Amino acid sequence: GGLSAWSQADRLDSLLNDLYGDDKEMMQLLNPPSAYYYLYGSVAGDSKTYYAGREFGDNMYNMNGNLYFFHSKGFFIGASGSWYSQLDPGYNTTIMSAGINRPLNRKKSLNFRVSYSRYFYNNEDPEVENVFNNNLGTGISLRNKWIGSRLSFNFLFGKDFGMNFMPSIYSHITVARFGGDNTIQLSPELSVFIGSETV
């Protein structure tokens with residue numbers, strides 16, 4: 001459904017912002033004197049998956065994959081997709097995204113981001129209407145050495161219009177350091193989702 005695709009994109013945006021936008025240590029490691037770019041990719045799976053609020057059996061699982069290209073100036077472009085074990089066709093959604101993440105102050109502790117995502121659905125289920133084909137997302141985050149906060153807004157549109165708001169508080173706690181720049185971190189987060197929902 002539309003919101004499952006949105007939440008996948010928003011979790012990815014949040015993760016990438018944490019890893020590369022708000023984390024000063026990571027930015028120092030990845031901050032050479034000239035411009036640079038890198039690829040970020042991942043594959044994740046979930047068991048006991050629901051689709052469009054319906055259960056298709058106890059054993060349905062899904063796989064989500066993504067590949068993103070980032071530039072040191074804050075621009076990014078990428079794609080992600082979802083596959084479900086008990087749907088026909090199994091490959092369900094492709095999300096194409098582009099955006100920018102920019103610091104608003106010299107210390108890079110205050111960041112602004114904006115992104116656009118387009119959803120392409122590959123389902124033929126007449127009971128599931130995909131009313132949102134687009135997402136315009138924006139957010140702002142503030143971080144000091146120990147704790148950070150983020151406000152995210154998403155404007156969903158297509159056959160219908162919806163929006164949501166998500167405030168979050170998070171931290172990165174270093175558990176262990178080894179080698180020159182290697183660390184193991186815990187990243188707790190508390191988030192609240194407020195908005196319209198289609199089931």
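What you see is a predicted model, and the numbers here were worked out from it, not measured in a lab.
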Notebook entry, point to check: Between Tyr116 and Arg118, is there a cation-pi geometry (under 6.0 Å to ring centre, at most 45° from the normal)?
Noted result: no
Item checked: ILVMFWY network linking Ile140 to Phe155, side-chain heavy atoms under 4.5 angstrom -> yes
Checklist line | Audit row: Phe193, Asn164, side-chain contact (heavy atoms from CB on, under 4.5 Å) steps and yes/no | finding: CA-CA 7 Å; Phe193 178 88; Asn164 52 59; 3.7 Å; yes
Atom pair [atom1] ([X]) and [atom2] ([Y]), whose distance is rounded to the nearest 0.5 Å:
| X | Y | atom1 | atom2 | answer |
| --- | --- | --- | --- | --- |
| Tyr38 | Ser72 | OH | OG | 8.5 Å |
| Ser168 | Leu190 | OG | CG | 8.0 Å |
| Ser149 | Glu189 | OG | CD | 11.0 Å |

Notebook entry, point to check: Checking ring pair (Phe, Tyr, Trp, His ring centres under 6.0 Å) for the pair Phe153/Phe165: CA distance, chi angles, key distance, verdict?
Noted result: CA-CA 5 Å; Phe153 297 92; Phe165 167 69; 4.9 Å; yes
Check: Do the side chain of Ser171 and the main chain of Trp146 share a donor and acceptor less than 3.5 angstrom apart?
Finding: yes
Check: Is the backbone N or O of Tyr91 less than 3.5 Å from a side-chain atom of Asn122, with the two atoms forming a donor-acceptor pair by type?
Finding: yes
Check: Closest approach of Ile173 and Pro188, non-hydrogen atoms and distance?
Finding: CD1-CG, 4.1 Å
Item checked: Close aromatic pair by centroid cut-off 6.0 Å: Phe76 and Phe70 -> yes
Check: Does the separation of the ring centres of Tyr37 and Phe69 fall below 6.0 angstrom?
Finding: yes
Note to self: Please tell me whether Ser187 and Gln185 have a donor and an acceptor in their side chains that are separated by less than 3.5 angstrom.
What the structure shows: no
Next item on the list: Flag the pair Arg150 / Met166 as yes when at least one side-chain heavy-atom distance between them is below 4.5 Å, and no otherwise.
Entry: no
